[in-house]
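Structure, as structure tokens:
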There are 2 protein chains.
Amino acid sequence: MPQHDNRYQVRKAAVDSILQDRSESPENCATAFAPVNIALCKYWGKRDPILNLPVTSSLSVSLPPLGSTTEIRIGADRDDVTLNDEPITPQSAFASRVVDFLDLFRTARDLRFSVRTTNTVPTAAGLASSASGFAALTLALDRLFGWDLPPKQLSILARLGSGSASRSVARGFVEWHAGSATHGADSFAEALACTWPDLRVGVIDVDFGRKSQSSREAMQRTVDTSALYHSWAQKVADDLAEIRSALHAHDFERLGAAAESNALGMHATMLGARPPILYWLPGTVKAIHRVHQMREDGINVYLTIDAGPNVKILFTKNDMSAVQAAFPGLTVIAPFDPECPTLPTDSD
Amino acid sequence: MPQHDNRYQVRKAAVDSILQDRSESPENCATAFAPVNIALCKYWGKRDPILNLPVTSSLSVSLPPLGSTTEIRIGADRDDVTLNDEPITPQSAFASRVVDFLDLFRTARDLRFSVRTTNTVPTAAGLASSASGFAALTLALDRLFGWDLPPKQLSILARLGSGSASRSVARGFVEWHAGSATHGADSFAEALACTWPDLRVGVIDVDFGRKSQSSREAMQRTVDTSALYHSWAQKVADDLAEIRSALHAHDFERLGAAAESNALGMHATMLGARPPILYWLPGTVKAIHRVHQMREDGINVYLTIDAGPNVKILFTKNDMSAVQAAFPGLTVIAPFDPECPTLPTDSD
């Protein structure tokens, strides 16, 4: 049910400015896939929590085939949300976040949506399934209504669902420009003209259970209370320039060192919050030390950690066997490798 | 053997300015005890590594009966150092650091010292045995030569051996004023006029093995490379004011929250170094989460961590049984409790 409060009005205005000159030719049903993404330069902190406008720019790599496939259908009596074949109770935080997003797109007051999402990543494992979920939902809405929006506009719409979803509408390396406008029309993500076929991303399963703390609240508390936040925002600008430059130079050591430093810096900034925020578990620290030991042993492997306990590692194809020997059972994604398994249900 | 390099000259000048008008009546042998101290507001970073002048002020509480008892004797043919009844090879880093310090106090070119130190804390467990060691050595030298120096001067001399040793010459709550002079004559520690009989400090044994990284190198790398260091130095000023105020108000929650935030902020700042520095082990994170869970359960316990993996907790007497139930085998120190066991070999 649309809530005509200030939050709704501000978000609706952002949507209307994008859709104003779009014709609509709605289908009954549409499906889309969006990949999860992992930030090499992290997004941590909003300057506007209503429009999900970030304090800093960020840069990610999309990780198909991991992601979300979302089917959206109109014509039901009430909104309903299904996640991984389980109906979600409308009172849940997840369902109300989806319905809150759908409120922005009702072309008639009584239009209701059925949303079915299937994730190929464990929900809330720190692999940003909310990013791929809201990106897939945005892409599905674009098809459902026949808007045929350009990538920039799709990124802005996805951002209203989840900040990092702005990056999951694109593939490859993706930079989300923080922008500076209050309405957010300059805060969108776009793919970089750069690929890296030998890049590999490994996901170390420290704990794929649900994380204890939502990243939304943790992010806000960090911005509001961490004495280290000011330095963090400055650091991001430096890290971003270094990562962009390392990508274009295909300098893996510089890329890895900068991405690792950025991730640890984000967790460091959270430790500075009052009260402190610590997503790490004992296995997180064990994995960090193991990665550092591997580097001392001459293997070029670097780590990154999102708002959860799991550690992701970056390496290149030629170190595949050494890395798999060190981390048996590692999930490995090759974001640019055409030999990579095709996406499970990508209709692109 | 005195090395007449710049480092020696600078340190020797600092010593001479203190000892210039002291008469000497040397004994053959003298003994002194100094306690370890734990910083509630940490010292991390030098503005002058030769004189051990810190970037920021810091504040600690001394933890007798844990500490070092040092006997110094003159008349031998060569310097020798014994630690916990084990002779230390002169080539070791530890022995050369002690000899380097003794060089500053040779009243005759061929004067040699025998130093015997016994620690009641595991060496290098992050409980600053170098602080108590150099403080005890300084106090023993003061007795050996009969200088009878006031506390401020003893603190300055001890600082030349190890920065945090400046705080271990005093008891109770001790503030080390960073000072601003290049020669360091205003960088000394002094006891605060404040006690807290109910305060308890517990030491959780995560790993009492030797730590992997010397704090001297880690500190310098943090100052030189951490993008978070600037914010850290600012944070220390705020934390120090809050801790001082909480001490005088006997507000345990404010004291604990500020001390914990300061310690986590120090480790956060190290994570920002390039390459990153992580002293934590899996057990460190386990202990942090347990302390946080106890607070959620209504027990006022806070943590602090020095440059090592071990976690120290702060609580008050009335929570003793709850804390001991949560951490069986915990070493507990009552820094101000007269019921506390007397010091093992304190000759005060």
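Letters A, B, ... are given to chains in the order of the sequence lines, protein chains preceding strands, and every chain is numbered from 1. All values reported here derive from a predicted model rather than from experimental measurement.
The candidate with the highest count of non-hydrogen atom pairs below 4.5 Å against chain B, out of A:H230, A:R295, A:H289, is A:H289. Options B:P275, B:A227, B:G272 differ in how many heavy-atom pairs under 4.5 Å they form with chain A, and the most are formed by B:A227.
Proximity to chain A (any heavy atom under 4.5 Å) is restricted, for B:D239, to the side chain, taken from C-beta onward.
B:L228 and A:A268 get closest at one heavy-atom pair: CD1-CB, 3.6 Å. Between A:S261 and B:R274, the closest heavy-atom pair is OG-CD, 3.1 Å. Closest approach of B:P282 to A:V285, counting heavy atoms only: N-CG1, 3.6 Å.
Here B:L271 contributes atom CG and A:T269 contributes atom OG1; the two are 9.5 Å apart, rounded to the nearest 0.5 Å.
Atom NZ of B:K46 sits in a crowded spot, with more than 12 heavy atoms from other residues, nucleotides or ligands closer than 6.0 Å.
Taking 4.5 Å as the limit, some side-chain heavy atom of B:P276 sits within range of a side-chain heavy atom of A:H292.
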